[in-house]
Q: 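So that we are looking at the same thing, I have put the structure below in structure tokens.
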Amino acid sequence: MLITGPRGTKDVLPEASAHWQYVEKTAREVCRTYAYQEIRTPIFEHTELFLRGIGETTDIVQKEMYTFNDRGGRSVTLRPENTASVVRSYLENKLYSGPQPTKVYYIGPMFRYDRPQAGRLRQFHQFGLEAIGAGGPAVDAEIIMAAVQFFRKLGLTDLNLFINSVGCPKCRPVYRTRLQEALRDKLPDFCPDCQSRFDRNPMRILDCKSEKCAELSADAPEMAECLCEECAGHFAGLKELLTAAGVDYKVNPRLVRGLDYYTKTAFEIQYPLLGAQSAICGGGRYDGLIEECGGDPTPAIGYAIGLERVLLALEKQSLLPAIPTEIDVFVAAVDDATRAKAFQLLCGLRRAGLRCDMDFMERSLKAQLKQANRYPARFVAIIGEEEAAQDKVTLKNMTTGEQELVDAAGIGAKLKGDLEE
RNA sequence: GUGGCUGUGGUGAAGUGGUCAACACGGCGGAUUGUGGCUCCGUUACUCGAGGGUUCGAGUCCCUCCAGUCACCCCA
């Protein structure tokens, strides 16, 4: 073995690709009913876009981007997420001049230079939705419902939806200072991670897995207490709509998202059985991003679903559909002299729309029957010297074992009729 | 970026200094000349992750690297 795939990448092999197609198809169906249209943006963008969009202090930007100079000396980056690209495209293509809000979805690979572990890859795939232009809680509710619907459709249960409000540029700084005030004295007792989070992203401290830190921050103030009137109203509105829609959710006042651009609504859907990487869907509102990217102030909300994690969850619950490998007809040639004839027959059967195959390894008739049996094949069409001489084929029904001599002409149409009965 | 565990053929794996590196599954071929699923038989090129070192001798001991895996960080 000379070359292996790059670390953190995975080949989707034939037996798994049907599962991917199934999940993608389900995603598209949900988007169709929610009236979201697909958008396909480039896999790489100017590095600048992500620096500005995601935020220079975020982990994604600081340590996880695949950045390189192209031959023209431009710094480009493999997209670590797709929201920034969608916003860029929205502005560049003036999608705001169409009917609003702009509702789009995407499915595709993302790249993050992380240490791989269960449910985490360097190239992974996300299915995401973005609704740009509407600021009220109704879009928040709609877009969350689309995710819920997606998981329902796949049959996934035991999912937890957590929501929170992370405030806006008006009220978040107020909270941030209040939180820092409350924690400052105890800071030396926190874990090293939390100490470094104190300045960079103090809200993360509330989310620390260390029991000690959780204890120390137990009585810290919560964002909800500091929300401005607008944010509080928005959050209340969302909760009402979700409740009315009959969706189970939990408010998690400590839920924080890792990207800078989030405002107001933040949410996450977890599938606890996945292990450490249990977030299967995450997103929120980003009312400041479009302006940050050079557009007019425009509210927006979106999220992404990790498809590898969805597949893992489906596997855990045995919800992946069986992949049929059965073929309609296997064409078997008795000897070398009849191979060409067999190939002709094969072509005819395929023209008739049948799923069929033949041997390409010059195997014996016996071996060909074995091969046919393994698919399995409903019928085997055998062509030997005798059949070839009179333009007939021996048609063997592999379930009953019966066989009969039939005319070669029109066999495709006849079989097709039989199989459809 | 940090840490734990792991690394033998297509797969699952025995083997912990000294005969040809077990066994099972799978793959391929065959079991009287044109026929499957069961059974039986045969077969399947081993740099034992890579590179160094110790030793008369290493898959077995040591070092380095690489990869996989799980966890931290972070996130989908």
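Note that the coordinates shown come from a computational prediction; the quantities given were computed from them, not determined experimentally.
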Q: Between residues 46-57 of chain A and RNA chain B, which residues have a heavy-atom gap below 4.0 Å?
A: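 Those residues: none at all.
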
Q: Classify the side chain of A:K63 and the base of B:C73 as holding, or not holding, a donor-acceptor pair under 3.5 Å.
A: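 Side chain to base: pair found, below 3.5 Å.
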
Q: Given atom CD of A:Q195 and atom P of B:C73, what is their separation to the nearest angstrom?
A: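 After rounding, the gap between these two atoms is 15 Å.
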
Q: Spell out protein contact along nucleotides 29-41 of chain B as letters: B when the base is contacted, S when just the sugar-phosphate is, - when no protein heavy atom is under 4.0 Å; keep the 5' to 3' order.
A: SSB--BBBB----

Q: State whether the number of non-hydrogen atoms from other residues, nucleotides or ligands found under 6.0 Å of A:E38 atom CD is greater than 12.
A: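 Atom CD in A:E38 is packed in, count exceeds 12.
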
Q: By ring-ring contact (aromatic ring centres under 6.0 Å, His included), which residues pair with A:F379, not counting sequence neighbours?
A: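 Partners of A:F379 under the ring-ring contact (aromatic ring centres under 6.0 Å, His included) test: none.
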
Q: Reading 5' to 3' and counting Watson-Crick or G-U wobble pairs with both distances under 3.5 Å, write the dot-bracket notation for RNA chain B, | for bases paired outside the strand.
A: ((((((((.[[[..)..(....]]]((((((.......))))))....[[[[[..)....]]]]])))))))....

Q: Is a side-chain donor or acceptor of A:T338 paired with a backbone partner of A:E385 at a separation under 3.5 angstrom?
A: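 It does not hold such a pair.
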
Q: Given 3.5 Å as the limit, does a donor-acceptor pair link the side chain of A:Q195 with the main chain of A:F190, or not?
A: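 A pair under 3.5 Å: yes.
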
Q: Tell me, please, which residues at least two apart from A:T399 pass side-chain hydrogen bond (donor to acceptor under 3.5 Å, both in side chains).
A: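 Listed in chain order: A:N397.
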
Q: Any idea which heavy atoms bring A:F267 and A:L255 closest together, and the distance?
A: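 Closest pair (atom of A:F267, atom of A:L255, distance): CA-CD2, 3.7 Å.
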
Q: Which residues satisfy the side chain to side chain contact (heavy atoms under 4.5 Å, CB included) test with A:E215, sequence neighbours excluded?
A: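 Not a single residue meets the side chain to side chain contact (heavy atoms under 4.5 Å, CB included) criterion with A:E215.
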
Q: Checking A:T83 against A:Y303: is there a side-chain donor and acceptor pair closer than 3.5 Å?
A: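 Note: A:Y303 and A:T83 side chains miss the donor-acceptor criterion.
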
Q: Listed by chain and number, what are the side-chain hydrogen bond (donor to acceptor under 3.5 Å, both in side chains) partners of A:Q368, not counting sequence neighbours?
A: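 A:Q368 satisfies side-chain hydrogen bond (donor to acceptor under 3.5 Å, both in side chains) with no residue once adjacent residues are dropped.
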
Q: What pair of heavy atoms forms the shortest contact from A:T394 to A:Q403, and how long is it?
A: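 For A:T394 versus A:Q403, the nearest heavy atoms are CG2-NE2, 3.6 Å.
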
Q: Under the rule for ring-ring contact (aromatic ring centres under 6.0 Å, His included), what residues qualify as partners of A:F343, not counting sequence neighbours?
A: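 Testing A:F343 for ring-ring contact (aromatic ring centres under 6.0 Å, His included), a comparison that skips the adjacent residues, returns none.
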
Q: Using a strict threshold of under 4.0 Å (side-chain N to carboxylate O), is an ion pair present between A:E45 and A:R79?
A: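 Salt bridge absent between A:R79 and A:E45.
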
Q: With the threshold set at under 4.0 Å for non-hydrogen atoms, list the residues of residues 300-314 of chain A touching RNA chain B in residue-number order.
A: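 A:A304, A:G306, A:R309 - these, ordered by number, are the residues of the stretch whose heavy atoms sit under 4.0 Å from the strand.
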
Q: Is it true that A:D219 and A:K186 make a salt bridge, defined as a side-chain N closer than 4.0 Å to a carboxylate O?
A: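 Salt bridge present between A:D219 and A:K186.
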
Q: Which nucleotide sits closest to the side chain of A:A276: B:C28, B:C72, B:U69?
A: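 Selected nucleotide (nearest to the side chain): B:C72.
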
Q: What pairs with A:Y175 under side-chain hydrogen bond (donor to acceptor under 3.5 Å, both in side chains), at least two apart in sequence or on another chain?
A: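 If we apply the side-chain hydrogen bond (donor to acceptor under 3.5 Å, both in side chains) test to A:Y175, skipping adjacent residues, there are no hits.
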
Q: Does B:C70 have OP1 or OP2 sitting under 4.0 Å from an N or O in the side chain of A:R115?
A: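 The answer is no; no side-chain N or O of A:R115 sits under 4.0 Å from OP1 or OP2.
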
Q: With a 4.0 Å heavy-atom cut-off, tell me which residues in residues 316-333 of chain A come close to RNA chain B, sorted by residue number.
A: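 When residues 316-333 of chain A is checked for heavy atoms under 4.0 Å from RNA chain B, there are no hits whatsoever.
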
Q: May I ask you to say whether A:D59 pairs ionically with A:R112, meaning some side-chain N is under 4.0 Å from a carboxylate O?
A: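 A:R112 and A:D59: not salt-bridged.
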
Q: Ring centres of A:F127 and A:F150 under 6.0 Å apart?
A: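 Yes - the distance between ring centres of A:F127 and A:F150 falls below the 6.0 Å cut-off.
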
Q: Within a 6.0 Å radius of atom CD on A:E225, are there more than 12 heavy atoms belonging to other residues, nucleotides or ligands?
A: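 Check passes, neighbour count above 12.
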
Q: Heavy atom of residues 7-21 of chain A under 4.0 Å from RNA chain B: which residues?
A: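 Hits under 4.0 Å, by residue number: A:R7, A:G8.
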
